[in-house]
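Report on the following structure.
Chain letters run A, B, ... following the sequence lines, proteins first, then strands; residues in each count from 1.
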Amino acid sequence: MAEEKKPKKLNPKRTAVQEQDPALRRRNFEEVSLGYSAEEAVLEASRCLGCRNKPCVAGCPVSVPIPEFIAAMVSGDFAEAYRIIRSANVLPAVCGRVCPQENQCEGACTLGKKHEPVAIGRLERFCADWRMKNGARAVPEPAAPTGMKVAVVGSGPSGITCAYDLARLGHKVTMLEALHEPGGVLFYGIPEFRLPKKIVTAEIDTLRQMGVQIMTNAVAGKIITLEEIMGRFDACFIGVGAGLPRFMGIPGEDLNGVYSANEFLTRTNLMRGYLFPEYDTPIRTGKRVAVIGGGNVAMDSARTAMRLGADEVTLVYRRSEAELPARAEEVHHGKEEGLRFEMCTLPTKIIGEDGWVKAIECVRMELCEMDQSGRRRPNPMAGSEFEIPVDTVIMAIGTGANPLLTGTATGLVLNRGYIQADPETGKTSIPGVYAGGDIVTGAATVISAMGAGRKAARAIHEYLSSMKR
Amino acid sequence: MHKILEKKLLRPPDVFFYKVSAPQVAAKAKAGQFVIIRLHEKGERIPLSLAGIDPAGGTISLIVMAVGKTTGEMAALKEGDEIRDVCGPLGNPTHTENAGRVILAGGGFGIAPLYPIGKAFREAGSRVVSVMGARSKSLLIYEKEMRDISDKVLITTDDGSAGMKGIITDALKGELESCGADTVMAVGPAPMMKAVCEATRPFGVKTIVSLNAIMIDGTGMCGGCRVRIGDKTKFACIDGPDFDGHLVDWDGLINRQKMYKAEEKESFEAWKKRHNLS
Ligand SMILES: Cc1cc2nc3c(=O)[nH]c(=O)nc-3n(C[C@H](O)[C@H](O)[C@H](O)COP(=O)(O)OP(=O)(O)OC[C@H]3O[C@@H](n4cnc5c(N)ncnc54)[C@H](O)[C@@H]3O)c2cc1C
Ligand SMILES: Cc1cc2nc3c(=O)[nH]c(=O)nc-3n(C[C@H](O)[C@H](O)[C@H](O)COP(=O)(O)OP(=O)(O)OC[C@H]3O[C@@H](n4cnc5c(N)ncnc54)[C@H](O)[C@@H]3O)c2cc1C
Ligand code: FES
């Protein structure tokens, strides 16, 4: 890389990426971003300064060798670029699309101090898509069988990564998934227009080709307890996510037309409700929709409602726009698609008529002094109550820990419902049982769940090796 | 894939009995639990109570009333056909310990889960009285089976063609007045369970109901099955399906069950049209 010359004239702006026209895409489920062409990818890659201290790598939760893969792209060797990314990241096609790069690699990029940072996420996506289009998918050759059996509970990003690494090391992996389709939030939560399901399915197929046995419709805690798992397997990884939706506890939440984001997105993505009645599961949006919350889940719900045919979709968030936790790109895309933003607003009541939602009553919030999270604390302003007429309300205010497995696992130490695990190894209070992802940290990110799966795989491998000796 | 090993018409024209191969579910299931099935790739997930559990044979039994698209499609399946997904056992088993004298009240397909539940109560040492209601004699299902697991069976029909003329709550009240009970368990359509709870309330007898809220995943992930129990919101799939009937917000439940009425109709009509049924 040292020999890589800086481009003579550095473009302060990142190379634009083709996107579906907002006026069209707000009504379809096709992917929003069309991705770079090879020329655009090389052009963007050549913006990388190849700087010595690589702050981007430090900013990446799984330390992808970013300057190295970008250098390979500049020289046109996309296969090598892919290989480099894949050495650190099992799901580049997913991460290139959904990682909050602005807080991670791109947020740390040296170029970003003066100009726009290198579009690392788009480059990562390009390499992954290029690989999928050109030639066979990379199915690594697993090591010789160790004779050790590991159960991986949950097939979200943490489980996928853990299973992948363990299978590669020659362990026999059985994955248990409660739903009929593996993939976790990647399948049931994140919508098609942001993450096409065929990408998730392809990653799952890779696992199968590596010999991972995937059992769907298998709810651990019900069909098999943790104790029984440890009787039949040598070790276990728990990556069951944080899928218990929260409600606000305000009047009217049980009216027809009130959804949790999880239900709304599950009906749409997992059950393909947007293709009703070709697919059997119905979903209702009505004409006016309010989505409560400001994270990725809220954005996905709002943009899905738009695609299901709503006339007006309003995002109701209690803090200011600057504090929206959603990925910046999604906020930008949502705005282009015509979402209405009611910021500094808190719902106080859902008003119904004949059992159905009719309106939502809100108050305005003023932002006061900082709270523990370092953000300004919102307080309701007296007398500011107002109503928004809506047919549908979607609650996207967060999730809690699901008790199905943990509630039946004796000896597993929990912390407010979440599994207590060593952040470096995923080790829990039970020997041989490891955990990672949202069930340990609370709702977080795809990449942090993957990082946890990888660390746990390493620790499980060491544990199994020591057992053998 | 789960093969249908046996299918029969239990009550013409629309109530069917199925014995389905599901060894892992059968090995674990307990009375009062349910499964969620999906018939095919484009199918919806629907919850069905376990009407029979045979761990040795590796099978589960279901009793299904054809009321819409999915249950209608199921009615068209034959022995040897396969169900794509069977997920379970889900929900918590019914508490059958130390129940004393138990009255089971079943309406419609509610009789299905009551059979294994009654059996479990009996095995735990309870005395079991079953109260079954139907519009007329020919609509009664599972009478013989219920007699097998009950110390006493009371039947009511609207037209008096079998047992006592009247509705199920009449027989229930009579039984409570004459003999009393420690526990009443009701399973059936929500309005029927609501009526049972209203009938038992003045007697102060503990009344357990099994709630049939609309469900999708059955794992606590979607919250679509939420019900108000006293002043709390509960998820029927993981906190239930059994709840103290005197605390249930029945009107809320009944309202939520209507959420997709229009879509259900659209889907069922389209399916019937495709298959030249009416
Ligand atoms: C709508 C939405 C949008 C998001 N957008 C982004 C984004 O843009 N970028 C980003 O980085 N992150 C995003 N996230 C967060 C990210 O998806 C999660 O942090 C991540 O998926 C967590 O991974 P996980 O492996 O811990 O679990 P999950 O992905 O939650 O998967 C857990 C799996 O375990 C299964 N399971 C649960 N209980 C059991 C059991 N008892 N037995 C068997 N299986 C069980 C579940 O069915 C599920 O399939 C989003 C989340 C949502 C909901
Ligand atoms: C825990 C539980 C146990 C049940 N056990 C049985 C049983 O043993 N036998 C039986 O015949 N039925 C049972 N049901 C009801 C059964 O699930 C519904 O009849 C079925 O979903 C109807 O689907 P459909 O497409 O045929 O009809 P639809 O036309 O979709 O619906 C007809 C009726 O079923 C209700 N319903 C629709 N979808 C669902 C759903 N996903 N979950 C729950 N209710 C729904 C609707 O409120 C509507 O009133 C049970 C329901 C629950 C929640
Ligand atoms: S069915 Fe989804 S939470 Fe109960």
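Proximity of Ser267(B) to Tyr279(A): side-chain heavy atoms (C-beta onward) are nowhere separated by under 4.5 Å. Within the 4.5 Å cutoff, side-chain heavy atoms of Glu263(A) are placed close to those of Ile216(B). Taking 4.5 Å as the limit, some side-chain heavy atom of Asn255(B) sits within range of a side-chain heavy atom of Asn256(A). With contacts defined as side-chain heavy-atom distances shorter than 4.5 Å, the pair Asp217(B)/Tyr188(A) does not qualify.
Chosen from Pro245(A), Gly243(A), Pro277(A), the residue pairing most often with chain B at heavy-atom distances under 4.5 Å is Pro245(A). Options Ile224(A), Thr216(A), Leu270(A), Val258(A) differ in how many heavy-atom pairs under 4.5 Å they form with chain B, and the most are formed by Val258(A). Each of Gly223(B), Ala27(B), Ala270(B) has some count of heavy-atom pairs under 4.5 Å with chain A, and the biggest count is that of Gly223(B). In terms of non-hydrogen atom pairs under 4.5 Å with chain B, the most contact-rich of Ile283(A), Leu275(A), Asn262(A), Asp354(A) is Asn262(A). Ranked by heavy-atom pairs shorter than 4.5 Å toward chain B, the options Arg246(A), Met395(A), Arg284(A) are led by Arg284(A). Contact count versus chain A (heavy atoms, under 4.5 Å) is highest, among Gly91(B), Gly220(B), Ala29(B), for Gly220(B).
Contact check on Asp280(A) versus Lys69(B) returns a salt bridge, with a Lys/Arg side-chain nitrogen under 4.0 Å from an Asp/Glu carboxylate oxygen. A salt bridge links Glu228(A) with Lys28(B): the distance from a Lys NZ or Arg NE/NH1/NH2 to an Asp or Glu carboxylate oxygen falls below 4.0 Å. The existence of a salt bridge linking Arg226(B) and Asp254(A) is confirmed by a sub-4.0 Å separation between a basic side-chain nitrogen and an acidic carboxylate oxygen.
Around CD of Glu82(B), the count of heavy atoms belonging to other residues, nucleotides or ligands within 6.0 Å exceeds 12. For Lys7(B), the NZ atom counts as densely surrounded, since its 6.0 Å shell holds more than 12 non-hydrogen atoms of other residues, nucleotides or ligands. For His95(B), the NE2 atom is loosely surrounded, since the number of other residues' heavy atoms within 6.0 Å does not exceed 12. Within 6.0 Å of atom NZ in Lys197(A), more than 12 heavy atoms from other residues, nucleotides or ligands are found, so the atom counts as buried in its surroundings.
Considering all non-hydrogen atoms of both residues, Leu255(A) and Arg256(B) come closest at O-NH1, 3.5 Å. Closest of all the heavy-atom pairs between Gly88(B) and Ile223(A) is O-CD1, 3.4 Å. Here the closest heavy-atom approach between residue Val219(A) and residue Cys87(B) is recorded as CG2-SG, 3.7 Å. Taking every heavy atom of both residues into account, Lys222(A) and Pro89(B) meet most closely at CB-O, 3.3 Å. The heavy-atom pair separating Pro282(A) from Glu263(B) by the smallest distance is CB-CB, 3.6 Å. For the residue pair Tyr259(A) and Met259(B), the shortest heavy atom distance occurs at OH-CE, 3.5 Å.
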Query raised in the report: Please walk me through it: do Arg272(A) and Lys42(B) pass side chain to side chain contact (heavy atoms under 4.5 Å, CB included)?
Result: CA-CA 8 Å; Arg272(A) 309 250 174 210; Lys42(B) 294 182 177 177; over 6 Å; no
**Report entry** CA sep, side-chain torsions, deciding dist, call: Leu179(A), Met221(B), side chain to side chain contact (heavy atoms under 4.5 Å, CB included)
**Finding:** CA-CA 10 Å; Leu179(A) 297 171; Met221(B) 182 269 279; 4.0 Å; yes
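Heavy-atom neighbours of chain A within the stretch residues 16-26 of chain B, taken at a separation under 4.5 angstrom, comprise Gln24(B), Val25(B). Contact residues of residues 43-53 of chain B toward chain A are Gly43(B), Glu44(B), Arg45(B) (heavy-atom distance under 4.5 Å).
Of the atoms belonging to Arg38(B), it is side-chain heavy atoms, and not backbone ones, that fall under 4.5 Å from chain A. Residue Val35(B) does not touch chain A at all, counting heavy-atom pairs closer than 4.5 Å. Only the side chain of Ile214(B) has a heavy atom closer than 4.5 Å to any heavy atom of chain A. Neither the backbone nor the side chain of Phe264(A) comes within contact range of chain B; no heavy atom of the residue lies under 4.5 Å from a heavy atom of that chain. Of the atoms belonging to Asn92(B), heavy atoms from both backbone and side chain fall under 4.5 Å from chain A.
A distance-only check finds no donor-acceptor pair linking the side chain of Asn217(A) to the backbone of Asp85(B) [under 3.5 Å].
Atom SG of Cys237(B) sits about 7.5 Å away from atom CG of Leu404(A), to the nearest 0.5 Å.
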